[in-house]
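What follows is one structure encoded as structure tokens, with my remarks underneath.
Residue numbers begin at 1 in each chain, while the letters A, B, ... track the order of the sequences. Since we're looking at a predicted model, the values are computed, not measured.
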Amino acid sequence: MIRQYDKIKDMDLSFETKLVDHKINEMDTGRDLTQCICHVDMDAFYASVEELDDPSLKEIPMAVGGMHMLCTSNYKARQFGVRSAMPGYLALKLCPQLKIIPLHFPKYRAASAKVRAIFAKYDPSFLPMSLDEAYLNLTNYLSTSELTPEQLVQQIRDEIQQETQLTASAGIAANRMLAKICSDFNKPNGQYFLPMEREAIMKFTSNLSIRKVSGVGRVTERVLQTLDVKTCGDILHRRAILYRLLSPISFQFMLKCYLGLGSTNFNLESDRKSISVERTFSALSKPDDLYRKVDELAELLAVDLGRNQIQGGKTVGIKLKLTSFDVRVRSKTYPSYISKKEDIARIVKELVQKELPVSIRLMGIRLSSLPPKVDDDHGVKKYFKKRKNTDAGEEQPRKISTVPSSPVSVLTSTSVTPDTHLTASIAANENAPSIVAVTCPICSRSLALDNHQFNQHLDECLNKVTVKAILQQQQQNQSPPQDQTQGRSLLDYYR
DNA sequence: TACATACAC
DNA sequence: TATGGTGTATGTA
């Protein structure tokens with residue numbers, strides 16, 4: 001893609017520009033500003049629930065999860081750079097006094113149920129995204145009330161706090177994409193209202209980091225960065241280039257970001273496409289051990305199938321994560337549905353066998369091509385349900401292809417090993433975040449930064465280390481030549 | 001259909 | 001000692 005970019009970046013793209021402008025105009029005109037969508041996000045949910053049971057945890061840096069992975073952390077811990085999806089042992093290097101609490105899902109589910117009961121009062125068709133997050137369409141409720149959207153959402157948040165002692169943050173806007181971003185603006189325990197007006201929305205997106213948009217992750221952010229797109233507003237300037245470089249789907253998504261367009265539909269009940277189970281463990285390579293794992297996982301999957309009343313799947317797949325962290329996916333499709341534990345295990349073993357010899361740290365098995373869901377609706381009801389699904393199909397976020405169009409040359413050997421003896425020396429002054437001398441536990445550099453800057457640095461550093469590790473692995477894996485093709489995008493965008 | 005990636009939570 | 005699990009979507013061949 002970079003090569004393609006070099007080729008076209010100085011070309012006359014006035015035709016493309018005109019074309020895209022027309023498209024933008026069309027989308028802009030079709031804008032729906034009639035809906036009031038709210039995204040509610042519980043603050044540090046698991047950690048906050050734990051603090052209810054043990055208020056002393058509020059006073060200390062604390063995270064929920066395990067040594068391998070943290071799910072969330074309280075705000076005291078975040079000041080040390082401890083964040084979700086960070087391995088616990090690394091968090092402990094950042095913050096040696098960190099208390100790690102194991103997960104207690106029943107408690108979180110109970111708290112979530114209370115919150116959801118409140119949501120249901122304001123929008124019976126609210127859309128839960130996880131235990132701690134949901135979208136509400138408040139349009140109907142507002143039409144029967146004197147409250148402004150802000151007052152209503154304040155009321156909902158007050159109610160949540162009263163019922164659960166937990167705080168929530170919320171965003172209010174014309175669609176899901178915007179509401180989601182807004183809920184992050186005044187976190188924790190705050191809300192942000194973006195008026196459902198074109199001018200307000202365009203002003204909002206013009207300066208908005210593209211990374212804030214749900215669906216734009218680390219990789220896409222980097223790709224866009226190389227195209228000089230950092231904010232949603234930047235998309236306009238680069239519209240012709242983006243049009244040439246991106247797939248139609250990705251390009252359409254970019255225009256939506258620029259215009260601040262998003263779905264107002266809560267498309268529930270879309271049929272499940274796959275069901276899977278995977279486990280990480282200490283390295284295994286002996287075939288017998290691998291087959292034993294297969295049996296374990298097949299058992300789990302079969303149980304899950306039953307629990308979810310799924311007849312079976314025509315496609316059986318495996319996922320192996322090698323001890324090198326390379327991931328292999330293999331699958332095979334059959335003419336009839338596979339559902340019995342024994343059948344799953346037998347087929348999976350065949351797939352695994354073809355990969356031998358291999359040393360893995362994770363095995364996953366999956367059934368897809370599931371049968372169409374049989375619902376017990378009668379008559380016309382069925383028809384309506386089906387229609388609803390097709391309606392919302394176009395509304396989902398898309399991402400950008402990151403596969404470059406040409407092969408990539410071999411890397412120069414920039415061997416960078418992450419420091420394994422990490423030490424954090426952060427002066428813990430929680431109440432008044434000020435500039436302190438810190439040693440970054442990742443890159444070992446001395447830094448004079450405040451908390452916010454330090455966290456930014458950490459983000460950067462963690463990314464670099466991850467990427468370098470990946471690059472290193474790719475170098476090591478050069479001997480089996482078929483791996484050359486994998487991960488080229490990373491080489492391109494992180495080098 | 002098969003596979004690799006990216007992403008959300 | 002030590003970097004998760006489940007599911008969706010997209011691009012490409």
Given side chains that start at C-beta, do those of A:Lys230 and A:Arg211 come closer than 4.5 Å, heavy atoms only?
no
Using a cut-off of strictly less than 4.0 Å, decide whether [X] has a side-chain nitrogen or oxygen near OP1 or OP2 of [N].
X: A:Ser276; N: C:dT6; answer: no
X: A:Ser250; N: C:dG11; answer: yes
X: A:Thr333; N: B:dT1; answer: yes
X: A:Thr220; N: B:dC7; answer: yes
X: A:Lys321; N: C:dG4; answer: yes
X: A:Lys332; N: B:dA2; answer: no
X: A:Ser331; N: B:dC3; answer: yes
X: A:Thr280; N: C:dG5; answer: yes
X: A:Ser270; N: C:dT8; answer: no

Considering every strand and a 4.0 Å limit on heavy-atom distances, what is the contact class for [X]: base, sugar-phosphate, or nothing?
X: A:Lys180; answer: sugar-phosphate
X: A:Leu131; answer: nothing
X: A:Arg279; answer: sugar-phosphate

Between [options], which nucleotide has the shortest distance from any of its atoms to the side chain of [X]?
X: A:Arg272; options: C:dG7, C:dA9, B:dC3; value: C:dG7
X: A:Arg330; options: B:dC3, C:dG4, C:dA2; value: B:dC3
X: A:Arg366; options: C:dG7, C:dG5, B:dC9; value: C:dG7
X: A:Thr315; options: B:dA2, C:dG4, C:dA9; value: B:dA2

Matching residue for A:Glu355 among A:Arg328, A:Lys349, A:Lys319 - test: salt bridge (charged side-chain N to carboxylate O under 4.0 Å, His left out)
A:Arg328
Cationic tip of A:Lys314 within the cone over A:Tyr337's six-membered ring, i.e. under 6.0 Å and within 45° of the normal?
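So A:Lys314 does make the cation-pi contact.
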On the six-membered ring of A:Tyr75, is A:Arg78 placed so that its NZ or CZ lies under 6.0 angstrom from the centre and within 45° of the ring axis?
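A:Arg78 over A:Tyr75 ring: yes.
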List for me each residue that meets ring pair (Phe, Tyr, Trp, His ring centres under 6.0 Å) alongside A:Tyr89, sequence neighbours excluded, and say none if there are none.
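A:Tyr89 satisfies ring pair (Phe, Tyr, Trp, His ring centres under 6.0 Å) with no other residue.
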Rounded distance in Å - [atom1] ([X]) to [atom2] ([N]):
X: A:Leu70; N: B:dC9; atom1: CG; atom2: P; answer: 19 Å
X: A:Asp41; N: B:dC9; atom1: CG; atom2: P; answer: 8 Å
X: A:Ile365; N: C:dT6; atom1: CD1; atom2: P; answer: 10 Å
X: A:Arg83; N: C:dG4; atom1: CZ; atom2: P; answer: 17 Å
X: A:Lys354; N: B:dC3; atom1: NZ; atom2: P; answer: 9 Å

Could you check whether A:Ser169 and A:Asp43, counting side-chain N and O atoms only, form a donor-acceptor pair closer than 3.5 Å?
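A pair is found: one side chain offers a donor N or O, the other an acceptor, under 3.5 Å apart.
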Considering every strand shown, what is the Watson-Crick or G-U wobble mate of C:dA2 when both distances are under 3.5 Å?
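Result: none.
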